[in-house]
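Below is one structure, written out as structure tokens; the observations come after it.
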There are 2 protein chains.
Amino acid sequence: MPYDPSAFPPFAVTVDLVVLTVRRHALCALAVRRGEPPFQGRWALPGGFVRADEDLAQAAARELAEETGLRVHDPSVPAQDNGAHLEQLATYGDPKRDPRMRVVSVAHLALAPDLPAPRAGGDASNARWAPVEELLRQGGYGRDAEPVAPLAFDHAQILSDGVERARSKIEYSSLATAFCPPEFTVGELRRVYEAVWGVALDPRNFHRKVTGTPGFLVPTGGTTTRQGGRPAQLFRAGGATLLNPPMLRPEV
Amino acid sequence: MPYDPSAFPPFAVTVDLVVLTVRRHALCALAVRRGEPPFQGRWALPGGFVRADEDLAQAAARELAEETGLRVHDPSVPAQDNGAHLEQLATYGDPKRDPRMRVVSVAHLALAPDLPAPRAGGDASNARWAPVEELLRQGGYGRDAEPVAPLAFDHAQILSDGVERARSKIEYSSLATAFCPPEFTVGELRRVYEAVWGVALDPRNFHRKVTGTPGFLVPTGGTTTRQGGRPAQLFRAGGATLLNPPMLRPEV
DNA sequence: ATCATAGTCGTCTGCCTGACGATAAACACT
DNA sequence: AGTGTTTATCGTCAGGCAGACGACTATGAT
């Protein structure tokens with residue numbers, strides 16, 4: 001068919017962010033409170049419109065910086081510190097997903113180490129880290145038994161997809177280190193896996209696995225005691241990005 | 001920030017399709033020849049605009065049916081035959097990817113059994129199955145040493161991503177059966193893996209692996225000789241979608 | 001001093017995979 | 001009919017890795 005500029009309908013394109021971190025042994029996501037309709041007062045994922053001259057990844061990185069102050073870890077600079085991992089997740093385009101107009105949202109997944117406090121344009125009450133389990137408990141009750149409204153739009157689906165991506169991707173990649181500070185111990189890394197998967201892992205087998213995989217961890221020489229008990233060696237993430245054989249997630 | 005209808009630029013949204021099949025022991029993709037500028041006369045991936053009232057998956061299924069006549073296999077109907085597998089791949093939105101205007105393309109990946117001949121609105125010369133290796137050989141030469149122009153737009157990148165997705169996904173899922181007819185032999189399934197991965201697999205170990213994984217294959221009772229040699233049992237795809245432990249891709 | 005807590009090193013067993021021998025059942029020849 | 005070729009299928013064996021778990025080490029708390 002020939003090209004006809006009037007043959008296509010206009011869309012709004014946004015990026016939405018699933019920003020995950022591990023806090024207090026729980027997998028948490030960044031949620032912002034909506035200030036205007038639709039879904040006014042409800043929690044939602046951070047996001048915004050893609051600008052006219054902006055790539056999708058650029059837009060996601062910009063929104064991430066606006067919401068959290070995080071800069072994106074550049075894979076070409078392996079030793080860079082405190083950067084978040086950012087990748088495209090999936091695109092959501094149901095015609096009715098936004099009642100105002102036709103919006104296609106390109107969701108991105110960001111993994112970050114534990115951060116101080118979230119900020120949303122300076123208004124802290126409008127952004128928070130919430131356990132994903134709580135955010136996905138549709139119409140249920142929060143930690144203090146207060147009622148929790150489901151996330152706005154289709155953001156529960158997006159969050160669920162992002163969590164599932166993170167859960168499966170730490171199996172076969174070194175992505176779990178993105179949840180850790182620049183230097184970390186084997187125990188801290190193990191607690192990341194335990195929080196993301198929601199399981200308990202054998203500390204001895206985990207230690208053997210991660211220290212025995214070439215390129216996964218490189219010792220920095222230092223030791224620390226951060227959780228009580230015997231001091232542990234400090235490591236940083238090695239150059240390897242793929243884990244082969246993978247870390248096995250215990251069934252059930 | 002408050003909602004402002006004039007605050008977002010309009011985008012065109014398209015779906016592009018990476019349609020893969022296995023023909024003559026080679027992984028092939030569907031390519032269509034562009035009839036108008038830009039990239040007139042060059043090969044491209046099939047695709048088109050998303051309509052105003054259409055979901056992204058619907059648009060992809062519609063384009064797939066228009067180009068190939070294939071219907072999409074509905075996962076809720078396990079015994080359905082001759083349907084293609086369709087899943088979202090990734091979204092490409094570089095501001096300069098289409099010189100005409102700002103276009104965001106939601107690429108989809110389709111896997112289909114070997115089909116008769118492609119049709120593109122009845123004009124067969126405008127659509128063909130080409131080995132992916134040939135389509136990705138940028139500026140190189142085809143099978144008959146004729147020069148080959150690279151794919152239009154960023155379609156080489158999209159195709160490359162789709163092929164990589166297919167290569168990795170048949171490792172840990174039963175997706176390779178989507179390349180097979182409704183009933184197939186273990187040898188035919190093995191040739192799918194060999195074509196997609198570009199390696200040779202040991203027939204004995206492969207047979208042990210696939211027949212030993214519960215729920216992967218169910219025997220239909222029949223036997224066939226399609227490649228010469230001793231007749232082989234016929235199977236159809238079982239209900240299992242995940243392979244655990246996965247099929248291991250030989251290194252290098 | 002004793003206990004609790006974490007980290008680290010070993011051992012053992014079972015499962016899975018890769019390498020490969022052997023047999024079975026068809027077809028194409030002579 | 002016999003022989004060779006091709007493909008399918010079953011078995012065997014050794015090595016690697018993961019799960020289960022014992023043992024020891026090094027810190028802080030009581």
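Naming: A, B, ... by sequence-line order, numbering from 1 per chain.
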Run the numbers on A:Ile158 and A:Tyr92 for side chain to side chain contact (heavy atoms under 4.5 Å, CB included), then give the verdict.
CA-CA 8 Å; A:Ile158 298 176; A:Tyr92 300 82; 3.6 Å; yes
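Nucleic acid contact class of A:Arg190 (heavy atoms, under 4.0 Å, all strands): sugar-phosphate only.
Listed nucleotides: C:dA22, C:dA26, D:dA26. Nearest to the side chain of B:Pro231: C:dA26. Comparing D:dA8, C:dG7, C:dA19 by their closest approach to the side chain of B:Thr185 singles out D:dA8. Listed candidates were C:dT8, C:dG7, D:dT9. Nearest to the side chain of B:Pro203 is D:dT9.
Residue whose closest nucleotide on DNA chain D sits further toward the 5' end, between A:Lys209 and B:Ala232: B:Ala232. Toward the 5′ end of DNA chain C lies the nearest nucleotide of B:Leu248, the other residue of the pair B:Leu248 and B:Gly228 mapping further downstream.
Closest approach of B:Glu194 to B:Leu201, counting heavy atoms only: OE2-N, 2.9 Å.
For a distance-only test at 3.5 Å, the side chain of B:Arg204 qualifies as a donor-acceptor partner of the base of C:dG21. Between the side chain of B:Arg230 and the base of D:dA8, a donor-acceptor pair under 3.5 Å is found. Between the side chain of B:Arg208 and the base of C:dG18, a donor-acceptor pair under 3.5 Å is found.
A donor-acceptor pair under 3.5 Å is absent between the side-chain atoms of A:His85 and the main chain of A:Ala110, judged by distance alone.
Taking the charged nitrogens against the carboxylate oxygens, B:Arg128 and B:Glu134 do have a contact shorter than 4.0 Å, which makes a salt bridge.
Rounding to whole angstrom units, CG of residue A:Leu201 and P of C:dA6 are separated by 15 Å.
At the phosphate of D:dA8, OP1 or OP2 sits under 4.0 Å from a side-chain N or O atom of B:Arg191. At the phosphate of C:dG7, neither OP1 nor OP2 sits under 4.0 Å from any side-chain N or O atom of A:His207.
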